[in-house]
Peer 1: 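There's a structure below that I have some questions on.
None of these values were measured; they are calculated from a predicted model. In what follows, chains are A, B, ... by sequence order, proteins preceding strands, each numbered from 1. What's counted below: heavy atoms across the whole structure, side chains too, no hydrogens, waters or symmetry copies.
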2 protein chains.
Amino acid sequence: MNNKKQIVDALRKRGNKVTPQRLVTIEVLLTFRQQHFSVEELFLGVKQRNPDVGMSTIYRTVQILEEMGLITKRNFDDGFARYELCELDEKHWHHHLICLKCGKVIEMQDDFLEALEKEIEEKKDFMIINHELKVYGYCSDCYAITKGVKFD
Amino acid sequence: MNNKKQIVDALRKRGNKVTPQRLVTIEVLLTFRQQHFSVEELFLGVKQRNPDVGMSTIYRTVQILEEMGLITKRNFDDGFARYELCELDEKHWHHHLICLKCGKVIEMQDDFLEALEKEIEEKKDFMIINHELKVYGYCSDCYAITKGVKFD
DNA sequence: GTCCCTGCAAACAATTTGCACTGAA
DNA sequence: TTCAGTGCAAATTGTTTGCAGGGAC
């Protein structure tokens, strides 16, 4: 599910129509790769290639793509919803380090929460589908600026 | 930082004034204990004791309390920001199991992410202040309803 | 030809802000 | 007395929706 053709086919299979607006949206989407994009950023990208697309079309398309499991919503408390492309094949979820000072988001591939998951499924009787770990703190740049002095 | 007097003192120390509205807000806040409350819920609670308080006052107070580190913002994708009381003393952060079907949020005390934290601080050069783990899946009730049939 | 999709504008909902007044210090 | 805090209403902002026209199938 990482190239245009596959996505287009999946759209048709769902009974959705493949319009030029959606094609452009998918193209732009695929250029985002690892980024966390907002709907507005996607909108601007699409507008560069086709200035006549409306904001609401992007919102509606994003909704469909989320239902399809192609993108996931993330929240970094910066005022608007952010999305990122899913790697549906791999089960390698990644984590986010969020700097409290500059807001930078660092991705971190790592998945040794498996032991924790097993425990949760047993002890809490909960079927796990996905998980998300956010670590808040200070990135090396921001920490350096203060020379280790505590923020407040 | 878990009783009224301490909070009031902390407010004064910050140079904030202690108004009746803020006192009531703090009182209601403390009754919430382990709950994840929205600003609106806090507002309704305050209004019961003092009907003349305005919504914006609550928003402004919540902002101050967050700056003071007394409450933290959480996001459960239900449309509005939620907050919860912090236990500043203990480092026992807790995790959230979120049911994708009914939206129920189950809390889970557990903190064996320490090994992971150590690794992050070393490998990524990142000073960790806090972390948040959200696990998405299906609670026992919702899973039971479908008799194990996969959701879609 | 049938509906789904579109763009636009208006509607929404959570949160913020401007302002004149009030009251804690 | 002073200036932060307040209530109200209006403004903002991200997102959703109603609708008439247009295009994919």
Peer 1: With sequence neighbours excluded, tell me which residues meet side chain to side chain contact (heavy atoms under 4.5 Å, CB included) with A/Phe37.
Peer 2: A/Leu29, A/Phe32, A/Glu41, A/Leu42, A/Ile71, A/Tyr83
Peer 1: Side chains of B/Glu107 and B/His95: any donor to acceptor distance under 3.5 Å?
Peer 2: no
Peer 1: Looking for any heavy atom pair under 4.0 Å, which part of the strands does B/Arg14 touch: base, sugar-phosphate only, or nothing?
Peer 2: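 Nothing, no nucleic acid heavy atom in range.
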Peer 1: As a test of your reading of the structure, name each stem of DNA chain C as range with range, where a stem is three or more consecutive Watson-Crick or G-U pairs at under 3.5 Å.
Peer 2: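 The stems are C:1-14 with D:12-25, C:16-25 with D:1-10.
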Peer 1: When the distance from CZ of A/Phe43 to C1' of D/dT15 is rounded to whole Å, what number comes out?
Peer 2: 13 Å
Peer 1: List, one per line, each side-chain donor-acceptor pair under 3.5 Å for residues 7-16 of chain A, sequence neighbours excluded.
Peer 2:
{"from": "A/Asp9", "atom 1": "OD2", "to": "A/Lys5", "atom 2": "NZ", "distance (Å)": "2.9"}
{"from": "A/Arg14", "atom 1": "NE", "to": "A/Asn16", "atom 2": "OD1", "distance (Å)": "2.8"}
{"from": "A/Arg14", "atom 1": "NH2", "to": "A/Asn16", "atom 2": "OD1", "distance (Å)": "3.3"}
{"from": "A/Arg14", "atom 1": "NH2", "to": "A/Glu67", "atom 2": "OE1", "distance (Å)": "3.1"}

Peer 1: Using the heavy-atom set of chain B and a strict 4.0 Å cut-off, write down the first and last nucleotide of DNA chain C that makes it in, 5' to 3'.
Peer 2: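 Both ends considered, the range comes out as C/dA14 to C/dA25.
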Peer 1: Going 5' to 3' through nucleotides 1-13 of chain D, assign each nucleotide B (protein heavy atom under 4.0 Å from a base atom), S (under 4.0 Å only from sugar-phosphate atoms) or - (no protein heavy atom that close).
Peer 2: --BSSBBB-----
Peer 1: Taking only the side-chain nitrogens and oxygens of A/Tyr59, find out if one of them lies under 4.0 Å from OP1 or OP2 of D/dT16.
Peer 2: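 Negative; the distance criterion is not met.
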Peer 1: Not counting sequence neighbours, list each pair that qualifies as a salt bridge (charged side-chain N to carboxylate O under 4.0 Å, His left out) and has a residue in residues 123-132 of chain B.
Peer 2: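 Non-adjacent pairs meeting salt bridge (charged side-chain N to carboxylate O under 4.0 Å, His left out): B/Arg74-B/Glu132, B/Glu119-B/Lys123.
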Peer 1: In chain order, what residues pass the salt bridge (Lys or Arg N to Asp or Glu O under 4.0 Å) check against A/Asp78, with sequence neighbours excluded?
Peer 2: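 With neighbours one apart ignored, the set is A/Arg82.
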Peer 1: Among residues at least two apart in sequence or on other chains, which ones pass side chain to side chain contact (heavy atoms under 4.5 Å, CB included) with A/Lys104?
Peer 2: A/Cys99, A/Cys102, A/Ile106, A/Cys139, A/Asp141
Peer 1: Going by ring-ring contact (aromatic ring centres under 6.0 Å, His included), name the pairs with one or both residues in residues 60-79 of chain A, residues two or more places apart or in two chains.
Peer 2: A/His36-A/Phe76, A/Phe76-A/His96
Peer 1: Return each pair, listed once, that meets salt bridge (charged side-chain N to carboxylate O under 4.0 Å, His left out) where at least one residue sits in residues 50-60 of chain B; pairs must be two or more places apart or across chains.
Peer 2: none
Peer 1: How far does OG1 of B/Thr61 sit from CD of B/Gln63, to the nearest 0.5 angstrom?
Peer 2: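 Output value for this atom pair is 9.5 Å.
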Peer 1: Looking at A/Lys134, is its backbone amide N or carbonyl O close enough to the side chain of B/Lys134 to form a donor-acceptor pair, meaning the two atoms are under 3.5 Å apart?
Peer 2: no
